[in-house]
Enquirer: 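Have a look at the structure that comes next, please.
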Protein chains: 2
Amino acid sequence: MQSRNTPPTRAGGRPRSAEADTAILEATRQALVDLGWTKLTMGDVATRAGVAKTTLYRRWAGKSELVVDAVAELFDELELPDSGSLAADIEGVVLQFAALLGRPETKTALMAVVAESTTDEPLRERVRASIVDRQKRLVLTGRARAQARGELPVEPDAATAAVTADLIFDVIAGAVVHRALVSAEPVDREWARRFTLLILGGLAAAAASGPGA
Amino acid sequence: MQSRNTPPTRAGGRPRSAEADTAILEATRQALVDLGWTKLTMGDVATRAGVAKTTLYRRWAGKSELVVDAVAELFDELELPDSGSLAADIEGVVLQFAALLGRPETKTALMAVVAESTTDEPLRERVRASIVDRQKRLVLTGRARAQARGELPVEPDAATAAVTADLIFDVIAGAVVHRALVSAEPVDREWARRFTLLILGGLAAAAASGPGA
DNA sequence: CCAGTTACGCTACGAGCCGTAGCGAAAGCT
DNA sequence: AGCTTTCGCTACGGCTCGTAGCGTAACTGG
């Protein structure tokens, strides 16, 4: 995964402990659950992981980078089972995102690192590579399947196809994040269903469909 | 606006300086621009505003509450000119949101306070009342206009109508925020146009429409 | 005019966290 | 062996936090 910072020079000495790495990341996630982003401190994580504070700073520049790597591992679990239809795939993506955002460690960390990244370009790139792209994969997969089934038109020009994919991704991920973290309302099957109707059929379709199945 | 904490007991003594209030909030916004959320400190804001640090703590519990009030004032400017059609109104809402999110003080502060609010319920309520509801107004206005024009069906049941409104709001606000802050790509007229097509006509319509007008 | 009440500026303080330096010991490689 | 890098530990200056204490300023009611 190339999470930690690579040692500045080449090999030849004592190798970095892989156990320490996993212990630190696990301790970071647990600290996020217990304390939240703000009250999480480097010293506390070191104590929890059973390593010295200096060891953390040898591998990560600071709290933001550490937390990004810690939560990024959770996004590895994301997977999209082929459910046979575009509508079902969208609901699947939505519920997958929602499950991750429901976890307390993700909830408190995700917005915080995004906030940091608005004034820290390298961090933003790290967030993109470690977290955002992992989400995006799901959307691209679902889109490719839908095109294979003939449910969505294939865009011949690669550039405009990429623009469309970006648009779709921002709409889906943005809506789920906003619902879960800003509105702080549950992203359940019912919400996913109505959201899917909106995305597939547009505003009028979503408004016309009542609460029933 | 009822931004600061009301004095605990009733009147009778020296009133709080209104000039200090505006100076503090203005200094807070400027500090957000210069330093960003993380490096902003209460002491620094006090110095910029020309007041004592203790004066800040008499009115706000901490950095989060202060920043919420400081950026909330910016959201007062939000207004939706009646542009005659639902499509144009949606583009208007999107560009209004985008203009606010483009400001450096809003950019760095908004995600930060949302992150804080995930582990601080009173703060979340404050964010909702001061910021989110101000955005929501625009969406509700546009929706009502569209229904008056016959562009959207009127939902008779108040409960389901509210659910639909919440859904639409999360989709629009979420997409804009995600595009601007997570993907960190510009929300320009072209993007607003394509987004509007997607919201109005659904996925297939958005994909079918090429880059041209 | 004068007592009562509240806000203000200022100073000072203990507490906590940051990020780094310096040390001796451990663990690999050639 | 000898070299190189990591590790745990301790200690440190610097910064921010949030509060306490004081004398002064501003406004109100008798």
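Proteins get letters first, then strands, A, B, ... in listed order; numbering begins at 1 in each.
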Enquirer: dC8(C) P sits how many Å from Arg58(B) CZ, rounded?
Expert: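 After rounding, the gap between these two atoms is 6 Å.
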
Enquirer: Between Leu40(A) and Thr108(A), does a side chain to side chain contact (heavy atoms under 4.5 Å, CB included) hold up when you go through it step by step?
Expert: CA-CA 11 Å; Leu40(A) 178 146; Thr108(A) 186; over 6 Å; no

Enquirer: Which nucleotide sits closest to the side chain of Arg16(B): dT6(D), dG8(D), dA7(C)?
Expert: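 That would be dA7(C).
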
Enquirer: Expressed as a whole number of angstroms, how long is the span from Lys63(A):NZ to dC18(C):P?
Expert: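 Taking NZ of Lys63(A) and P of dC18(C), I get 7 Å after rounding.
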
Enquirer: To the nearest Å, how far apart are Leu56(A) CG and dT6(D) P?
Expert: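 Atom CG in Leu56(A) sits about 15 Å away from atom P in dT6(D).
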
Enquirer: Between Gly62(A) and Gly50(B), just flag the one whose closest nucleotide in DNA chain C comes earlier from the 5' side.
Expert: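 Of the two residues, Gly50(B) wins.
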
Enquirer: What are the residues of residues 26-43 of chain B, sorted by number, that bring a heavy atom to within less than 4.0 Å of DNA chain D?
Expert: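 Under 4.0 Å from DNA chain D: Thr41(B), Met42(B), Gly43(B).
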
Enquirer: Could you state the atom-to-atom distance from CZ of Arg14(A) to P of dT6(D) in whole Å?
Expert: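 Distance check: Arg14(A) CZ to dT6(D) P gives 10 Å.
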
Enquirer: Assess whether side chain to side chain contact (heavy atoms under 4.5 Å, CB included) is satisfied between Phe75(B) and Leu138(B), documenting all intermediate values.
Expert: CA-CA 11 Å; Phe75(B) 283 77; Leu138(B) 266 64; over 6 Å; no

Enquirer: I'd like to know if Lys63(A) and Glu116(A) make a salt bridge, using a cut-off of under 4.0 Å between side-chain N and carboxylate O.
Expert: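 Looking at Glu116(A) together with Lys63(A), the answer is no, because their closest N to O distance does not fall below 4.0 Å.
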
Enquirer: Got a sec: does the CD of Glu79(B) have more than 12 other heavy atoms crowding it under 6.0 Å?
Expert: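 Not buried by this count: 12 neighbours or fewer within 6.0 Å.
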
Enquirer: Looking at Val176(B), Leu140(B), Leu78(B), which one forms a side-chain contact (heavy atoms from CB on, under 4.5 Å) with Gln135(B)?
Expert: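 Of the listed options, the one satisfying the test is Leu78(B).
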
Enquirer: Using the side-chain heavy atoms of Pro15(A), tell me which of these nucleotides is nearest: dG28(C), dC10(C), dG8(D).
Expert: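 Among dG28(C), dC10(C), dG8(D), the one nearest the side chain of Pro15(A) is dG28(C).
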
Enquirer: Can you identify which nucleotide, out of dT19(D), dC9(D), dG9(C), has its nearest atom closest to the Tyr57(B) side chain?
Expert: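 The nucleotide sitting nearest to the side chain is dT19(D).
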
Enquirer: By nearest nucleotide on DNA chain D, pick out whichever of Lys53(B) and Ala20(A) is the more 5' one.
Expert: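 Its nearest nucleotide being more 5', the pick is Ala20(A).
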
Enquirer: So how far is it from Met111(A) CE to Leu110(B) CG, rounded to the nearest 0.5 Å?
Expert: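 That separation rounds to 10.0 Å.
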
Enquirer: Between dT5(D), dG9(C), dT20(C), which nucleotide has the shortest distance from any of its atoms to the side chain of Thr55(B)?
Expert: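 Of all the options, the side chain of Thr55(B) is nearest to dG9(C).
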
Enquirer: So, Arg194(B) and Thr164(A): side-chain donor and acceptor under 3.5 Å apart, yes or no?
Expert: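 Present: a donor and an acceptor within the cut-off.
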
Enquirer: Measure from the side-chain heavy atoms of Thr54(B) and tell me the nearest of dA20(D), dA27(C), dA7(C).
Expert: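 Looking only at heavy atoms from C-beta outward on Thr54(B), the closest nucleotide is dA20(D).
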
